[in-house]
Amino acid sequence: MIEESLRYLRSSEDWIKTVLIGGLLTIFGFLLVPLFVVVGYYVRVLRGTMHDESEPPVFDDWGEMLMEGLKGFAIYFVYGLVPGIIGAIIAFVGIGGAIAGDSGAAGVLGGLVALVGFLVALALGLLAAYIVPAALANFVEKDDLMAGFAFGEIRAVITTKAYAMGWLTAFALLLGAGILTSVLSIVPVIGTVIGIFVTFYAAVAAFYVIGHTWADVHPVDLHEEEEMPGQQPAI
């Protein structure tokens, strides 16, 4: 699956153009709109791969891609927000207790509570990272934002061995890209910029894995559908 996922983007004649656009948009992701477009592209990758489309999507129909990216980002944001809030509350209580306490014991106890808050937030963050790809896939399949929060449906998928293996494969791709990016960053500026393009390429490969994993665990209805975004009707 890893080898197939790494070949996926290169199966398009325009793959270099796609990587250049995706990398540039990622570089300017701090402006948010480019980031939403990139997420919209990942959504299209999920849609295509879960329907066993061999041709990767291209950057076109920018308005629709932006809207899909906004919805995808909303799913990312909500799942990431919960661990952050819980961890922050526990850490705030611990630090506040340490500051308000008059004894050394209170300071130690406050520090321990803050540490627990950090560990809880970390654990919940990892759980969110595990759930989000399935949440995105369910949203993409149903074409309904709320499907990204239909935890009953999502739980049936994320508790399977096949999903766990697919997620680990996608994680390995991103981890490998992260390591390579760290090595490239030794070269000032240029290495970092190249690393961003590598990360985009790896993310596409990771979503390829998730899309196929979703189709394997949660078979997608392949009957005739409306034209999917980013595809031209056959003539």
Side-chain angles (χ1 to χ4, degrees), residues 1-6 8 36 38-57 64-65 67-87 119-177 202-231:
M1 179 69 82
I2 288 181
E3 186 176 350
E4 294 173 358
S5 67
L6 291 174
Y8 169 66
F36 297 152
V38 172
V39 175
Y41 182 83
Y42 296 150
V43 166
R44 288 190 177 181
V45 171
L46 271 176
R47 180 179 292 112
T49 52
M50 71 171 55
H51 288 87
D52 202 27
E53 295 285 338
S54 59
E55 186 78 9
E64 189 161 0
M65 189 178 291
M67 293 308 299
E68 290 194 321
L70 276 169
K71 294 175 183 178
F73 182 82
I75 293 173
Y76 271 110
F77 182 78
V78 171
Y79 279 98
L81 187 64
V82 174
I85 291 177
I86 294 177
L119 293 175
V120 169
L122 178 61
L124 291 175
L126 289 173
L127 179 61
Y130 183 74
I131 295 173
V132 164
L136 282 172
N138 204 40
F139 147 63
V140 170
E141 181 191 347
K142 302 293 196 314
D143 194 23
D144 178 8
L145 177 61
M146 296 312 298
F149 306 101
F151 196 69
E153 298 176 11
I154 296 169
R155 182 177 57 186
V157 173
I158 64 176
T159 53
T160 63
K161 180 180 179 180
Y163 178 81
M165 294 303 297
W167 185 88
L168 286 172
T169 301
F171 178 78
L173 286 164
L174 295 175
L175 179 62
V204 172
F207 278 107
Y208 170 94
V209 173
I210 295 299
H212 279 283
T213 299
W214 181 266
D216 291 340
V217 179
H218 189 273
V220 178
D221 187 0
L222 297 179
H223 68 272
E224 278 190 32
E225 300 172 318
E226 296 180 1
E227 177 189 336
M228 291 190 298
Q231 291 188 331

State, to 0.1 Å, how close [X] and [Y] come at their nearest heavy-atom pair, and which atoms those are.
{"X": "Y8", "Y": "P57", "value": "OH-CD, 3.3 Å"}
{"X": "A162", "Y": "V217", "value": "CB-CG2, 3.5 Å"}
{"X": "G166", "Y": "V209", "value": "O-CG1, 3.4 Å"}

Tell me, with the steps shown, if F139 and M146 meet side-chain contact (heavy atoms from CB on, under 4.5 Å). CA-CA 7 Å; F139 147 63; M146 296 312 298; over 6 Å; no
Does [X] use its side chain to pair, donor to acceptor, with the backbone of [Y] at less than 3.5 Å?
{"X": "N138", "Y": "G148", "answer": "no"}
{"X": "Y76", "Y": "K71", "answer": "no"}
{"X": "Y42", "Y": "A203", "answer": "no"}

So how far is it from [X] [atom1] to [Y] [atom2], rounded to the nearest 0.5 Å?
{"X": "F36", "Y": "M67", "atom1": "CZ", "atom2": "CE", "answer": "10.5 Å"}
{"X": "Y130", "Y": "I158", "atom1": "OH", "atom2": "CD1", "answer": "6.5 Å"}
{"X": "L124", "Y": "I85", "atom1": "CG", "atom2": "CD1", "answer": "11.5 Å"}
{"X": "L126", "Y": "I131", "atom1": "CG", "atom2": "CD1", "answer": "11.0 Å"}
{"X": "L46", "Y": "E68", "atom1": "CG", "atom2": "CD", "answer": "10.5 Å"}
{"X": "I154", "Y": "L136", "atom1": "CD1", "atom2": "CG", "answer": "9.0 Å"}

Please step through ring-ring contact (aromatic ring centres under 6.0 Å, His included) for the pair F149 and Y79, ending with a clear verdict. CA-CA 9 Å; F149 306 101; Y79 279 98; 5.6 Å; yes
Verdict with reasoning, E141 to R47, per salt bridge (Lys or Arg N to Asp or Glu O under 4.0 Å): CA-CA 7 Å; E141 181 191 347; R47 180 179 292 112; over 6 Å; no
Does the side-chain contact (heavy atoms from CB on, under 4.5 Å) test come out yes or no for L173 and L6, once each step is laid out? CA-CA 9 Å; L173 286 164; L6 291 174; 3.9 Å; yes
Please step through side-chain contact (heavy atoms from CB on, under 4.5 Å) for the pair K142 and E153, ending with a clear verdict. CA-CA 11 Å; K142 302 293 196 314; E153 298 176 11; 3.2 Å; yes
Checking side chain to side chain contact (heavy atoms under 4.5 Å, CB included) between V140 and each of V45, T49, I210, V43, which is the one that passes?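 The option that passes is V43.
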Does atom CE of M1 have more than 12 heavy-atom neighbours from other groups under 6.0 Å away?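 Atom CE in M1 is packed in, count exceeds 12.
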Could you check whether W167 and Y163 have their ring centres less than 6.0 Å apart?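 Judged by ring-centre distance (under 6.0 Å), Y163 and W167 do not meet the cut-off.
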